[in-house]
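Okay, structure first, notes after.
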Amino acid sequence: SLPRPRASRVAIMTLGGGWGVVTADLCNEYGLEVPELSEQITQEINQLLPDYWSHSNPVDLVGDTDPNVPLAVMDKLLAWEECDAVIHLGVVGRKYLFYKLRDACLKVNPDITPEFMAQVEELVDEVERHYITHVVGLMDKYDKPVLGVSLAKGPGDTTVVEVEGMRNKGVFYAAPEQAVKSLSRMCRYTRWRKREGLD
């Protein structure tokens with residue numbers, strides 16, 4: 001479902017800082033390197049995020065709600081030569097927060113119609129589909145793996161998401177531990193292939 005990483009340097013992109021710290025600690029525990037951002041990529045991300053973003057790896061998106069921002073930051077991280085893989089947290093699965101908001105609004109506000117909320121729901125779902133398609137397209141472009149951790153998962157959600165016409169697939173785990181362990185095993189497999197002269 002994913003390209004093999006060339007080495008074990010990981011960029012982390014997170015919707016909130018706490019998850020990023022947990023993921024960075026897990027990367028260290030499982031032998032993955034979380035390199036410091038170069039000055040160049042820091043300046044590039046400065047153009048996309050508010051001044052108070054983390055300025056470090058993990059890259060904290062500081063809860064930005066613009067759907068284009070995670071796409072642009074992901075592109076920068078995958079283009080970065082010191083990055084072999086990206087783990088992103090919390091961007092996919094936000095639709096479930098909207099579903100709860102939708103249900104609450106329909107209960108308490110008679111001015112909001114179910115038809116209006118259905119239109120907004122379709123927009124929210126489309127933003128998520130577009131994000132997944134874009135991320136898989138970036139994997140095809142850069143030949144680097146991207147592993148996701150969903151903010152929330154519903155009963156119909158799967159770990160692996162196929163995108164029509166794409167070589168790779170979207171992969172979204174329920175917890176950072178699963179993403180880090182999977183990437184760690186992928187890196188170990190890459191090292192084994194190199195030792196055996198298979199690459």
Side-chain angles (χ1 to χ4, degrees), residues 1-5 10-16 19-20 23 44-45 47-50 53 58-80 83 85-106 112-180 182-183 186:
S1 297
L2 300 171
R4 265 191 297 116
V10 185
I12 300 167
M13 184 181 82
T14 177
L15 196 63
W19 250 11
T23 304
E44 290 174 2
I45 296 174
Q47 306 302 311
L48 303 168
L49 292 173
W53 75 279
V59 175
D60 183 354
L61 299 176
V62 294
D64 198 297
T65 56
D66 181 343
N68 295 311
V69 167
L71 301 174
V73 172
M74 177 75 72
D75 199 330
K76 299 291 184 192
L77 292 174
L78 285 169
W80 182 31
C83 165
V86 175
I87 295 175
H88 61 113
L89 306 111
V91 178
V92 170
R94 287 189 287 182
K95 65 183 180 181
Y96 294 107
L97 297 180
F98 166 75
Y99 296 163
K100 290 185 181 297
L101 177 66
R102 171 203 62 198
D103 295 343
C105 288
L106 288 172
I112 296 177
T113 65
E115 293 76 22
F116 172 75
M117 278 302 189
Q119 290 176 343
V120 178
E121 180 179 336
E122 179 55 38
L123 180 62
V124 169
D125 290 346
E126 177 55 35
V127 165
E128 188 160 294
R129 283 192 299 270
H130 176 68
Y131 178 80
I132 292 169
T133 300
H134 188 82
V135 167
V136 174
L138 289 175
M139 281 195 284
D140 284 359
K141 177 180 177 181
Y142 292 106
D143 198 32
K144 296 179 182 181
V146 177
L147 295 87
V149 179
S150 298
L151 183 63
K153 283 187 158 251
D157 290 339
T158 57
T159 301
V160 178
V161 179
E162 292 199 36
V163 177
E164 188 176 346
M166 300 284 191
R167 177 168 41 98
N168 294 296
K169 300 178 177 87
V171 175
F172 301 93
Y173 295 101
E177 292 84 352
Q178 295 168 310
V180 172
S182 295
L183 182 56
M186 291 172 72

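Throughout, residue positions are numbered sequentially from 1 according to the sequence presented. Everything numeric here is computed off the predicted structure, so don't read it as measured data.
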Could you please spell out the steps behind the side-chain contact (heavy atoms from CB on, under 4.5 Å) verdict for L49 and V59?
CA-CA 10 Å; L49 292 173; V59 175; 4.1 Å; yes
Using every non-hydrogen atom in the two residues, find where [X] and [Y] come nearest and quote the distance to one decimal.
X: P145; Y: P3; result: CB-O, 3.3 Å
X: G170; Y: V136; result: N-CG2, 3.4 Å
X: W19; Y: S150; result: CH2-O, 3.3 Å
X: A179; Y: V149; result: CB-CG2, 3.8 Å
X: P58; Y: T14; result: CB-CG2, 4.5 Å
X: D60; Y: V62; result: OD1-N, 2.8 Å

Considering only heavy atoms from C-beta outward, does the side chain of [X] approach that of [Y] to under 4.5 Å?
X: L61; Y: W53; value: no
X: L2; Y: V146; value: no
X: N68; Y: L48; value: no
X: Q178; Y: T159; value: no
X: K144; Y: L77; value: no
X: D125; Y: F98; value: no

Can a donor-acceptor pair be found, under 3.5 Å and without considering hydrogens, that links the side chain of [X] to the backbone of [Y]?
X: E162; Y: K169; answer: no
X: D157; Y: G154; answer: yes
X: K141; Y: D75; answer: no
X: K76; Y: E44; answer: no

Could you point out which residue of K95, R102, R129 forms a salt bridge (Lys or Arg N to Asp or Glu O under 4.0 Å) with E122?
R129
Starting at [atom1] of [X], measure out to [atom2] of [Y] and round the result to the nearest 0.5 Å.
X: H88; Y: T23; atom1: NE2; atom2: OG1; answer: 11.5 Å
X: M117; Y: Q119; atom1: CE; atom2: CD; answer: 11.0 Å
X: L151; Y: L89; atom1: CG; atom2: CG; answer: 10.0 Å
X: L183; Y: Y173; atom1: CG; atom2: OH; answer: 9.0 Å
X: L78; Y: D143; atom1: CG; atom2: CG; answer: 10.5 Å

Could you walk me through whether L15 and R94 pass side-chain contact (heavy atoms from CB on, under 4.5 Å), step by step?
CA-CA 10 Å; L15 196 63; R94 287 189 287 182; 3.4 Å; yes
In terms of ring plane angle, is the pair H134 and H130 parallel, tilted or perpendicular, where the classes change at 30° and 60°?
tilted
Assess the residue pair E128 and V124 against the criterion (side-chain contact (heavy atoms from CB on, under 4.5 Å)); give the C-alpha distance rounded to whole Å, side-chain angles, the decisive distance to 0.1 Å, and a yes or no.
CA-CA 7 Å; E128 188 160 294; V124 169; over 6 Å; no
Would you check, one step at a time, whether the test side-chain contact (heavy atoms from CB on, under 4.5 Å) holds for Y131 with L71?
CA-CA 7 Å; Y131 178 80; L71 301 174; 3.2 Å; yes
